[in-house]
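Each chain gets a letter, A, B and so on, in the order its sequence line appears, and its residues count up from 1. From a predicted model like this one, the values you see are computed outputs, not experimental measurements. Hydrogens, waters and symmetry mates play no part in the numbers below; they use all other heavy atoms, side chains included.
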Amino acid sequence: MSGSDDSLFAPPEAAWQRVSPALVRMRRTVLLSTLGVLALLLIGLEVVLDLPVWLWPVTAAVVLGLAGFTWWMIGRNARRWGYAELEDELYVTRGALFRRLVVVPYGRMQYVDVQAGPVERAYGLARIQLHTAAPGTSAHIPGLRAEEAARLRDRLTAAGEAQAAGL
Amino acid sequence: MTEDFPPPPSREPPPDKPFHRLSPLTPLVRGSIFLVAVAATTWDDLRTGNLGVLGVILLTVLLAGAVYGWASWLRTRYWIDDRELRIDTGVVYHQSRRIRIDRLQGIDIVQPFVARLFGLAELKMDVAGGDKEGSLAFLPLAEAQRVRQVLLDRRDAVRRSVQPSSVEDASPEGSPSWVAPDHDIAVLDLRTLLLSILLSPETIALLLAVLVFTLSAVFVGGLVVAPGLPVLIGFGLVVLRRFSGYYGFTVSQTRVGLQVRRGLFDRNTQTITLARVQGIVISEPALWRPFGWAKLDVSVAGAGGTSETDGGPSATTVMPVADLAAVHALASHLLRGHDVDVDVDVDVAGIELDLPPTSATWLDPFGRRFMGVGMGDDLIVSRQGWFTRSTHAVRHARVQSVRLSQGPLQRRLGLADVHIDSPPGPVHVRARHRGAAEARKLWEAEERNAKAARLSRL
């Protein structure tokens, strides 16, 4: 089954450029810190409310199970992000469960955003967002190394100006 | 996109240009609701000559309002020169708004009910790349039409001289020879309008409600009828809004585009610039199909996604109800745009639509048989919906981006979706639940077609 999937979401010519592995590390770190806070809260709650002892392992199992699943999904999801710059358009693919592949002509781009939050900056990452006149386009790429994001933005902006087709 | 026009250093109006004023009846029209309210509450007191405290307060407020309205009218002046429209307003705080004439997208003439009684109209300026709208309210109707024509003529003159071949607003060089300066191409007759309004889902809901209430009145007693009243009033309001909104619906061809005029109480005039049309939707509600009727909506760049939410008429509607043939003709006209001399295939009805594979029944057991997608030399068309069958069509040259998507269930069944992204509006061409290989082929083909169409325009 995975063979047919790959052909459905295959890149047009060249291979996909994948996002930085630091994205996985960043997301998993965020997951672990959230988990830590959650664990403290739950422990506090059970101590304060003096809940029965059998609840402890049950909560722990549920929380750890969810965390494990998220951990696994983060890896799967990050591996499926990809983009390919062609002569006239940008291809972006994403999603492990719900898969997407969008092709955005450079000429249709209205503007390009590069964003980096504090956590992303700590990992040297940035995300890039492409805007066309259609809100449905939703082409963004997270987890780019900062210099790669800047390069892509400049490249896209230049190509967009050269081929501007507007509406 | 939205850089502001640099304001001149001086606040003073251009000395060599005489200014214009709005109609002196403006304060009367603006305050009419208040006037009626005051008259209604104090009428008895006024007649007996015995004003209560409330009456005195109301009359004072009315007087103050009249003075303010008059001052406001005195303070409101506008100028039109070759490059800009300038509107100065404000009694306490002065405001000067300048609208670049070459940025005007369209000018609508609106006549609210009271203004219409006085023969007045409001001019609404639609400006590219901004939600700051300019408006002149109110002018005598004839003057409003004259000012509108002057502004549109100047705009065309400015655009021709400044940018000979703008890609975004490819205005035609002069008017195409086949277009008569101003003629009606579709008029909605009263009988069709009334019938189409009565044949709406709201009517069925009302009939059901009446049935339920009658039955409950018979079996339980008269008490239950009372809650039915709001339902009736709501229904009446929806019908009335639709009727008054679409009354006298006329589509005509003008030099600048298609003009839509509509409205019973509030007269609305709206111009659709053909170069900005992104795509069309033809809707055929189940109740209309025996009559062969359909409704036509259009997506216009920059107009946003206003839709018929509260039962009222929508700004995207080009024809609220007409024969399918007439709707198709109008749709072709809109899709063709200015490509009059070019051989383009814009016949929506002529494109064959394929059903999704039978495995899609698992995901949409009922809707599958009503879905379809098809591609022509210049169009991509999709259809869906059982109760309201809607057909969306976009020209390859207008496609913004092409998207392929697949959820986990679709993956199990070997299906995928293809979406064509268009600017905000009612149009959304989508091919849902196609076989994966077919979806990939469709996606690639549409990307190729869109690219070819885009490049041929550059």
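- The pair B:Asp364-B:Arg432 does not count as a salt bridge, with every side-chain nitrogen at least 4.0 angstrom from each carboxylate oxygen.
- Residues A:Glu148 and A:Arg151 are paired through a salt bridge, judged by an N-O separation under 4.0 Å between the basic side chain and the carboxylate.
- Residue B:Val418 does not touch chain A at all, counting heavy-atom pairs closer than 4.5 Å.
- Residue A:Ala139 does not touch chain B at all, counting heavy-atom pairs closer than 4.5 Å.
- Taking A:Leu101, A:Val92, A:Asp88, A:Val102 one by one and counting their heavy-atom pairs under 4.5 Å with chain B, the maximum is reached by A:Leu101.
- For the pair B:Asp417 and B:Arg430, the salt-bridge criterion is not met [side-chain N within less than 4.0 Å of a carboxylate O].
- Counting only N and O atoms by type, the side chains of A:Glu46 and A:Thr59 include a donor and acceptor under 3.5 Å apart.
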